[in-house]
Amino acid sequence: MKKYLNIYKVTLINELQYISDIILGFLSFVVMIFIFLNLWNYMYDDPSSLIEGFSKSQMIWYVIITEMIWFGTRNKTLINQITDDIKSGSIAYTLNKPYSYAIYVIVKNFGEITIKFLFYLILAIAVGLIFVGPIDFNMSNILMLIPVFLLSFIINACIRIIISMLSFYVEDAAPFHWLYDKIILVIGTVFPIELFPKFLQPILKFTPIYVVNYGPSKLVIDFSMNSFFTILMAQILYLIFVIILLSLIYRKGVKKLNVNGD
Amino acid sequence: MLMEIKKELKFMLLNVKYNLAREMTNKITFLTNIIFMILNNASFIVEWIIFYSLKNNIGGYNFKDIILLWAIASGTYAICYIFFGAIQDLPKLIMDGKIDSFLVQPKNVLISILSSKTKVSALGDLIYGYVLIFIYGINIKNIILFTLFIITGGIVIASIAVIFSSLAFYITKADTITSSITSTMLNFDTYPDGIFKGIIKILFYTILPIGFSSYIPLHIIKSFNIVNFLIVIGYTILVVLIAFYIFYRGLKRYSSGNLMSARI
Amino acid sequence: MNVIEVKNLCKTFKVKEKEKGFIGSIKSLIKPKYKKIEAVKDISFDVEKGQIIAFIGPNGAGKSTTIKMLTGILYNDSGTINVMGINPNKKRKKLAYEIGCVFGQKEQLWTHLTPYDNFKFFGSIYDLENSVIEKKIKEFKEIFELDEFINTPVRNLSLGQRIRCEIVASLIHDPKILFLDEPTIGLDPIVKENIRTLIKRMNKEYKTTIFLTSHDVGDIEKLCKRVIIVNKGEIVLDDSMENLKYHYLNKKIIELKMKEKVNLDDSKGITILKDKGYNLKLEVDTKKTSISDALKLIDANNIIDINISNVPLEDIIKSIYKGEK
C-alpha cells in the first residue's frame, strides 16, 4: 500500500509544474459553459418553466458539473501511456515487478488529476455562481457526494485502461477512445438522461454514463437519498464488472504478447 | 508570381499525396480512422434531435440548417487538416528549432511545413461533410458553393492557427494557446450563431473568425448574396496575407537564433 | 573560382538566464537577464570549386552555427557570406537550388517509401522534369550501388544504406555544393569506408564542392584536401591536409622496452612523454634531431623491443584545439 502512496505523491508533486497549462486550458471549459448558457437561455422561453422537471439553472449547473468531470479528469496517461507500453512491449517487464500494473496506472492517474480536478472544481463553482446563481444545495450532501465522485473517477479510469488495452489486439486503439469520448460527451454531458425518449432511458442507465457522469452530476443538482443509494449500488456493481473485465483482458493480452515475443 | 503560386500548389498536392501513401501503409488503421471519425461526427446528430424535439427553431435555425452548419464545419476542418495537417505541430516545431530542414528546401517554408502532414481522420470529416450536404439538398449550386466555402474556411482556420502559432517565436506555451483557440472555434461553429448575443458576435468576426468560415457561407448557400460572397473571398485573402506576414516576421527572429539556448 | 566566400563572419546569441526555482522564474519574467554567447567571432575563408573541405572542431566550437549561416538557416550579425554568388540571408530559396544538405542524424527521407519514390519526390521539389529525374536516378543507381535496395521501403534499410540514400536525395538537383554534417556518425568501419569512397567518387564525377563537418578523424584524413579547424568561434588552423601532416609528421614517437633502467632527460628535439624506467616513450622532432642521433643516446644492446611511429592525426587535432603549436 505504501508504495502506491509514494507513486501518488511523486506524480502529484511532479504535476505542480504544469499549473500554468491547467489555467490556460480553462478557456475551453469557459467557452463550453458559455455556449450552453446561451443555448439554454434560448431554449427556456419562460425562465421559470421546467423542461422534463428541470429548471433552467439546474440544467446549466448540470452541464457545468459534467464538463467539470470531463475537463478535470481527462488524462493522457490513461490513453497514451498504456498503448505505448503495449506497443513497445515494455508492459511485459512489469509482470515480474512487485506491483500491479493496472493499480500503478490508476494511482499515477489520480496523482496527475488531483490538482487539475481541484482547479476545475473551484472554476466550476465560480462560473456557476457568477453566471447562473446558487441552486438548492445542502452542504451535508458533500459527504455523500465524495464517494460517488471517487467511484466515478475509478470506473472511468478502468474503462479507459480497458480501451487502451485493446492495443493488444488492434493496431490503433485511439478510435475506440473517441467512441467512448462521444458516448460520454454527447449522451452524458449536454443534458440529463431524462430528456431522451422514454423508451431509451432504461437502456442508457446501463451505459457507463449513468455511473461516470450522469449519476454524480444529477446528485449535485437534485439530491435524494433514494437516488444516492441507487447510483452508489450501480457504481459498485459496475466497478466489480470493469475490474473483472480488466483483469481478463490484461492476462490474455500479456500472454499474447509473450507468444508474439518469441 | 502566378507561376510561383502554381508551383507551390503543385508541391503542396505532392506532399499530401505522399502523406496519404504513408498513412495507407496500414490499411486497417487507415480505414478505422476514417470510419470512426464519421461515426464520431454523426453522434452529434443525437444531441440536435433532442434539442429540436424541445423546440423547432433554435437561434433562427431549423433542423435542416443545423445539418448545413455541420456540413460546413466538418468540411472546413477536413480541408484544414488534409492540406495543412502539420498546423497543430507548428508551435512545437518552432520551439524545438525543428524547422531547419524546411529552410534548406527551395519552397515556401510555411507551405512546406503545413503540408508535411495529413490527418487521416480529416478524410472522414470530408466524407461526412459531403454526405450531409447531400442530405441537405443536392444541386450543382450547393455543391459548388459548398466546395468553395470549405476551401476558404479551411484556409481561414489554418491562417488563424498560424498567427497564434507564430507566438511560439516569442513566448513558450504558444502551443497550448493555439490549441485552445482552435478548439474554441470548433466548439462555437457547430452551434447556431443566433443563440449568441452582443460582444461574442464581434469575436466571430475578429479573432475567432468562424463568422467568415461558417456563418456567412451558410447564409450564402441558403440564399445567394454577392456582397457577402465577396466579403468571404476578400477576408480569406486578407487573413492569408496577415498569416504569412506574421509568420515571416517571427521566422526572422528564428533565423537570428535568439530563440532558445538549445539551438547553438 | 571561389564558390564560398566568407569575410569577418560574426554571430552572437542572446541566451536568457534563469535563476533556479519559482521565484527565479518570476524574476526572469519581469526582468529577463541575457547572457551573450559569441558563437562565431570573425571567421573568414574561401572555398574553391571542387574542393573537399573539412570543417572541424570540438562541440560548441561554432561549426554548426557556421554551416547554418552558410545554408541560410541562420542570419549572421556582421560580416559577409557569399555562396555561389548568393547572399544566403537574402535569397534563401534561390540558394536552395544550388546546394544540397545532409544534416547528420536528421532524416529527410520518407521512411515508408522506397528510395526510388523518395528520389522522385525530392526531384519534384526542385521542379525537375520527370525524364530528368529518371535519368539522374539511373546514374546514381550505378555510382552509389543502389541496385539491391532501390525498391525496398527506407524503414527496412540498414543505416549505411539509408545514409547513401540521404546523400543521393540531396544530390538529385545537381547542387554545386554539398554540405555534409557528420555523414558517418553511428556507422561501422566498413560502411564508413564505403561512404567515403562514394563521396570521393561523387566529387570526382560531378566536381561537387564538399563542405564536411565530422568528429571522425578517418573521414577527414581519407577525404579532405583541406582542413579548417575552429575552436571557441575562431579559426585556429586553415591549411592543406598535406601541410598539416607534414608539419606534424616530422614528429615521431619512439616506444622502447629496455633490459635495464635508463636515465634520459629532455634534450634538443627530444621530449620524454613517458618514463617508467624500463618502458620509455619519446617524441622526436626530426627537424632538430635525426632518429639515428636520438637512438645513439640509448644503448642498443639494452633494447628488447622498439617501435617508431607517426603522431596520430587525432592527437594532432587535439593539440591544435588546445592551442599548442
Side-chain angles (χ1 to χ4, degrees), chain A residues 18-45 49-52 54 59 63 67 71 166-167 169-197 200 204, chain B residues 25-55 57-61 120-121 124 172-198 200-201 203 208:
Chain A
Y18 301 118
I19 285 181
S20 56
D21 290 283
I22 296 174
I23 292 172
L24 281 172
F26 280 0
L27 179 66
S28 300
F29 176 85
V30 175
V31 165
M32 285 317 290
I33 302 304
F34 180 79
I35 290 174
F36 285 107
L37 191 72
N38 280 278
L39 190 61
W40 286 116
N41 271 335
Y42 195 89
M43 301 296 285
Y44 281 85
D45 294 313
S49 65
L50 297 179
I51 294 180
E52 300 294 337
F54 292 98
M59 204 66 107
V63 186
E67 292 282 359
F71 280 97
L166 290 176
S167 310
Y169 306 96
V170 294
E171 171 85 10
D172 188 4
F176 297 96
H177 279 292
W178 299 346
L179 207 63
Y180 180 66
D181 284 354
K182 286 302 104 93
I183 293 175
I184 293 288
L185 275 177
V186 174
I187 307 177
T189 306
V190 181
F191 30 62
I193 290 178
E194 281 81 351
L195 264 73
F196 283 90
L200 271 179
L204 292 177
Chain B
T25 37
N26 189 327
K27 292 212 173 52
I28 296 171
T29 311
F30 182 77
L31 287 175
T32 44
N33 263 296
I34 294 174
I35 293 165
F36 273 79
M37 188 42 104
I38 295 175
L39 288 177
N40 177 21
N41 291 341
S43 67
F44 281 99
I45 292 293
V46 176
E47 189 181 323
W48 288 104
I49 289 174
I50 304 285
F51 279 132
Y52 278 95
S53 72
L54 298 174
K55 210 171 186 180
N57 175 328
I58 299 174
Y61 285 53
V120 179
S121 53
T172 54
K173 299 266 188 269
D175 48 344
T176 328
I177 295 173
T178 309
S179 68
S180 342
I181 292 286
T182 19
S183 70
T184 300
M185 286 197 285
L186 181 62
N187 285 332
F188 273 122
D189 79 357
T190 48
Y191 291 88
D193 56 337
I195 63 169
F196 305 109
K197 292 182 199 85
I200 190 78
K201 286 219 166 174
L203 286 185
L208 306 170

Quick check on the interface: out of B/Ile49, B/Asn26, B/Ile177, B/Ile35, who has the most heavy-atom pairs with chain A under 4.5 Å?
B/Asn26
To the nearest 0.5 Å, what is the distance between CD1 (A/Ile183) and CG (A/Leu204)?
10.0 Å
Chain B contact via A/Phe191 - side chain, backbone, both or neither, heavy atoms under 4.5 Å:
side chain
Identify which part of A/Ile51 has an atom lying under 4.5 Å from any heavy atom of chain B, answering side chain, backbone, both or neither.
side chain
Which distance, rounded to the nearest 0.5 Å, do you find between the CG of A/Leu185 and the CZ of B/Phe44?
6.0 Å
Hey, which of A/Leu37, A/Ile187, A/Leu27, A/Val190 has the most heavy atom pairs under 4.5 Å with chain B?
A/Val190
Roughly how far, to the nearest 0.5 Å, is the NZ atom of A/Lys182 from the CG atom of B/Asn41?
7.5 Å
Which residues, numbered in order, of residues 28-35 of chain A come under 4.5 angstrom of chain B by heavy-atom distance?
A/Ser28, A/Val31, A/Met32, A/Phe34, A/Ile35
Just so I understand: if I count every heavy-atom pair under 4.5 Å between each of B/Asn40, B/Ile181, B/Thr29, B/Thr176 and chain A, which residue has the most?
B/Asn40
Spacing of CZ belonging to B/Phe51 relative to OH belonging to B/Tyr61, to within rounding of 0.5 Å
15.5 Å
Drop me the distance from B/Leu186's CG to B/Thr182's OG1, to the nearest 0.5 angstrom.
8.5 Å
Per the ring pair (Phe, Tyr, Trp, His ring centres under 6.0 Å) rule, which among A/Trp178, A/Phe176, A/Tyr180 passes with B/Phe36?
A/Phe176
Please answer whether the main-chain N or O of A/Val186 pairs with a side-chain N or O of A/Thr189 as donor and acceptor at a distance below 3.5 Å.
no
When only pairs under 4.5 Å are counted, which of A/Ser20, A/Pro175, A/Gly25 shares the most heavy-atom pairs with chain B?
A/Pro175
Side chains of A/Tyr42 and B/Phe196: closer than 4.5 Å at any heavy-atom pair?
no
To the nearest 0.5 Å, what is the distance between CG on B/Asp175 and NZ on B/Lys173?
7.5 Å
Return the option, out of B/Thr184, B/Asn33, B/Val46, B/Ile50, with the maximum number of heavy-atom pairs under 4.5 Å with chain A.
B/Ile50
What part of B/Asn187 gets within 4.5 angstrom of chain A, counting heavy atoms only: side chain, backbone, both, or neither?
both
Can the ring centres of A/Phe71 and A/Phe26 be said to be less than 6.0 Å apart?
no
Heavy-atom pairs under 4.5 Å with chain A, option from B/Leu39, B/Ile28, B/Thr32, B/Leu54 with the top count:
B/Leu54
